[in-house]
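In what follows, a structure is listed as structure tokens, so that the remarks can point back to it.
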Amino acid sequence: MSNRLAAGNFPGAGALSSTGKLFALGLDVVVGIFQRPFQTREFIDQCWFISRVCILPAALVSISFGSVISLQLGSLIRQFGAQSFSGAASTLAVIQQAAPVICALLVAGAGGSAICADLGARTIREEIDAMEVLGVNPIQRLVVPRVLASILVSALLFGLVSIVGVAGGYYFNVVLQGVTPGAYVQGFSALSKPTDLVVGFIKAALFGLAAGIVAAYRGLNPSGGPKGVGDAVNQAVVITFILLFAINVIVTAVYLNLVPPSKF
């Protein structure tokens, strides 16, 4: 038994090892942020690329998310005769939950997969090894700009998705379901707090951080040549989605316990 444990052959050893390496990469990224020179051009290029592939899908998806949430909550709340709460319920649902999740899904699915594929191709072509031989830190040179770009774009997309989602919710609640504009705005202003927007930004930034680090880790550790790069991209997206919902549960639970709810 002890020999098996020493050799790392016990069940789950591979998952534990990968988790440890993932956290180690995250620490290396944090250290690399403060190293100089900072790769400004690479950072701007990555921000532009991720934004270009995510802005339009984010806007379109946010409209559907906002409309579904508004229609469902509006129909439910109307059964209890509390139409004045429809604005607060739909808007808070969009800002606290839907908008950060939409940003994470798009950044992980579009930007994260591209990051993973790019780093994976560099790895199998031995470019990463060549950089290390030349004394260039691939984490500071390639990974840090991509992770920071994922964080920044995810936070900025959160603002876009929130505006579009809230506007869509307002239209469907007021125009289609007959809620008066005054009641809609009053309910939202009475129950919402600035911290609701802050926690949404924090979630979006954490989701972008997770997407960037997971994509970079799988891209730097492919297996099996070109086919391994494709498998790494799929694994990166799946792992990011799992982390997304875990982080969302933790941040939401901490927020609801630390910040007292507003009273109408």
Side-chain angles (χ1 to χ4, degrees), residues 26 47 50-51 53-74 77 85-112 147-173 184-215 237 240-264:
C47 286
I50 298 175
S51 301
V53 299
C54 292
I55 286 179
L56 181 59
L60 296 177
V61 172
S62 62
I63 295 175
S64 61
F65 261 84
S67 62
V68 169
I69 291 174
S70 298
L71 291 174
Q72 188 67 44
L73 289 178
I77 291 175
F85 290 97
S86 60
S90 59
T91 303
L92 291 178
V94 170
I95 292 177
Q96 288 191 13
Q97 301 299 330
V101 171
I102 291 173
C103 296
L105 294 177
L106 291 174
V107 170
V147 173
L148 291 180
S150 298
I151 296 173
L152 178 61
V153 173
S154 182
L156 295 178
L157 282 179
F158 167 78
L160 171 66
V161 173
S162 298
I163 293 174
V164 176
V166 170
Y170 177 86
Y171 174 81
F172 282 95
N173 273 140
Y184 187 94
V185 175
Q186 181 183 6
F188 168 66
S189 60
L191 294 181
S192 63
K193 303 178 293 295
T195 52
D196 297 326
L197 192 62
V198 172
V199 75
F201 271 107
I202 293 175
K203 283 184 180 181
L206 290 176
F207 294 160
L209 174 65
I213 291 179
V214 171
V237 174
T240 302
F241 287 177
I242 295 174
L243 287 177
L244 181 157
F245 292 108
I247 294 172
N248 190 31
V249 170
I250 294 173
V251 174
T252 301
V254 172
Y255 174 72
L256 293 178
N257 281 278
L258 293 179
V259 180
S262 300
K263 295 182 179 181
F264 189 74

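Since this is a predicted model, take the numbers as computed values, not measurements.
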**Asked** Under 3.5 Å, is there a donor-acceptor pair between the side chain of Ser154 and the main chain of Cys103?
**Response** no
**Ile202 side, atom CD1; Leu206 side, atom CG - distance, nearest 0.5 Å** = 7.5 Å
**Distance (rounded to the nearest 0.5 Å) between Cys54 SG and Leu160 CG** = 11.0 Å
**Message:** Could you tell me if the side chain of Leu105 sits less than 4.5 Å from the side chain of Phe207, heavy atoms only?
**Reply:** no
**Item:** Distance, nearest 0.5 Å, that separates CD1 of Ile55 from CG of Leu156
**Value:** 8.5 Å
**Prompt:** How far apart are the closest heavy atoms of Gly111 and Val53, and which atoms are they?
**Reply:** N-CG2, 4.5 Å
**Separation between OG1 of Thr252 and CD1 of Ile247, rounded to the nearest 0.5 Å** = 11.0 Å
**Prompt:** Nearest 0.5 Å, what's the CG-OG distance between Leu157 and Ser162?
**Reply:** 10.5 Å
**Message:** Using side-chain heavy atoms (C-beta onward) and a distance below 4.5 Å, is Pro100 in contact with Asn248?
**Reply:** no
**Complete:** Of all heavy-atom pairs linking Val237 and Ala108, the shortest is CG2-O, 3.9 Å
**Complete:** When rounded to the nearest 0.5 Å, the distance separating NZ of Lys203 from CG of Leu244 is 10.0 Å
**Message:** Looking at every heavy atom in both Ile50 and Ser150, which two are closest together, and how far apart are they?
**Reply:** CD1-OG, 3.8 Å
**Complete:** Of all heavy-atom pairs linking Ala155 and Ala204, the shortest is CA-CB, 4.1 Å
**Request:** Report the C-alpha distance between Leu197 and Phe158 in whole Å, list the side-chain angles of each, state the deciding distance to 0.1 Å, and finish with yes or no for side-chain contact (heavy atoms from CB on, under 4.5 Å).
**Result:** CA-CA 10 Å; Leu197 192 62; Phe158 167 78; 3.8 Å; yes
**Message:** Looking at every non-hydrogen atom in both residues, tell me the closest pair between Cys47 and Leu152 and how far apart they are.
**Reply:** SG-CD2, 3.9 Å
